[in-house]
Amino acid sequence: MNACWPNSIADRIFQLYMLDYLDGWQILAVLLLPLIYLCRRPIKIAYFNILQSVLKRRVKFSDCYIGQLKYVGGIDISFVKDDAVHACISLVVLDIESLETVFSRNKMIHMTCEYIPGYLAFRETPHISKLLKKVRDDCPMFYPDVLIVDGNGRLHRKEFGLACQTGVTCDIPCVGVAKNLYQMEGCLRDNEHKSAIDKLKSPGDKFEIRNKKNTVIGCALRTTAASTKPVYVSEGHRVSLDTACRVVAKCSKYRVPEPVRLADILSREALRQSEKS
DNA sequence: GCGACAG
DNA sequence: ATCTTGTCGC
């Protein structure tokens, strides 16, 4: 059963309202979101489509940093096996030069929305934005300058995936990193794609991924010498694809960039600890 | 309508 | 997302 109200919804509406992201009708639209979580899948999808297109108008696929890039944040959510509700979300903040953890926080949550491919953001963004807001209030000195989430940004059917929605909702520069290719028309795991992967020889090598409309929406990036399989990097918000790739390449010791990797380890560990007690 | 499908 | 040890190779 997912018949419960997301307790973050008030925060979310307020946040969007304050950022001047929503007019009257759109506020109504977001107010209805918890009700929509209870509806059937086709209704959810129709509604999510509308919200995506509303929020998409705010996304910026260009570099607009304020100040210097110092802290990189990573977000990940881990789940309990056979339990669709209980999960743990972790935020890790690293110094981009030394790659040392300067801050981390995790929190037990319960998911209110099922996973629908293409609409991952509606499942994860409420929790991410809540955690970020808390960090911004409690320890603003460690608030990340750029955030890496594990999920796509612009590399998405509607060019508006998790990283975009998180970036826009929280108004933070955001990069999307996916471990698998999100397949859609014009971008498939076919032989052409596989042969392009084979051409990636050294860390930092990448190739563009294009839309059906021939727009560059993301990159396959080889992060280390050891990993044959690339990660898929795309713009989230307030970063260009070029910058996104540079940030990801810079903080990759292993295939998955450190912030996301450490967040994954931390949230998994926290989940195991809470299971014992 | 059917299949594919980030986490 | 989750289950899951060792093992082969640089």
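Residue numbers start from 1 in every chain, and the chains themselves are labelled A, B, ... in the order their sequence lines are given, proteins ahead of strands. Computed over heavy atoms, backbone and side chain alike; hydrogens, waters and symmetry mates excluded.
- Distances shown here put a side-chain N or O of Q183(A) below 4.0 Å from the OP1 or OP2 atom of dC5(B).
- Residue G176(A) is classed as having no contact, given no heavy-atom separation below 4.0 Å to the nucleic acid.
- Between the C1' atom of dA6(B) and the CD atom of E185(A) lies a distance of 16 Å, rounded to the nearest Å.
- Taking a cutoff of 4.0 Å between a charged side-chain nitrogen and a carboxylate oxygen, K250(A) and E97(A) qualify as a salt bridge.
- The side-chain heavy atoms of V93(A) and V135(A), taken from C-beta on, include no pair separated by under 4.5 Å.
- What separates CG of N180(A) from C1' of dT2(C) is a distance of 14 Å, to the nearest Å.
- Closest contact between the side chain of N152(A) and the listed nucleotides dA6(B), dT2(C), dA4(B) involves dA6(B).
- Here dA6(B) presents its P atom at 12 Å from CG of D150(A), a figure rounded to the nearest Å.
- Between the C1' atom of dG7(B) and the CD1 atom of I75(A) lies a distance of 14 Å, rounded to the nearest Å.
- L162(A) comes within 4.0 angstrom of a nucleotide base, judged by non-hydrogen atoms across all strands.
- Atom CE of M111(A) and atom P of dT2(C) are 12 Å apart (whole Å).
- Under the 3.5 Å distance criterion, the side-chain polar atoms of Q165(A) are left unmatched by any main-chain donor or acceptor of L55(A).
- The listed nucleotides are dC3(C), dC5(B), dG7(B); the one nearest the side chain of Y182(A) is dC5(B).
- Of the charged side-chain nitrogens involved, at least one lies within less than 4.0 Å of a carboxylate oxygen, so that K206(A) and D242(A) count as a salt-bridged pair.
- Residues C88(A) and M108(A) meet the side-chain proximity criterion, which asks for heavy atoms closer than 4.5 Å.
- Note on ring orientation: taking the six-membered ring where Trp is involved, the planes of F48(A) and Y37(A) are perpendicular (angle over 60°, cut-offs 30° and 60°).
- Applying the 5.5 angstrom centroid cut-off and the 30 degree plane-angle cut-off, the aromatic ring of Y115(A) is stacked upon the base of dG7(B).
- The R157(A) side chain lies nearest to dC5(B) when the options are dA6(B), dT2(C), dC5(B).
- Separating the CZ atom of R272(A) from the C1' atom of dT2(C) is a distance of 14 Å, rounded to the nearest angstrom.
- Pairs of Watson-Crick or G-U wobble type, with distances under 3.5 Å, never assemble into runs of 3 or more in DNA chain C.
- Taking atom CD1 on I45(A) and atom C1' on dC5(B), their separation rounds to 11 Å, with Å as the unit.
- Between D190(A) atom CG and dC5(B) atom P there is a gap of 12 Å when expressed in whole angstrom units.
- Note on ring orientation: taking the six-membered ring where Trp is involved, the planes of H193(A) and F207(A) are perpendicular (angle over 60°, cut-offs 30° and 60°).
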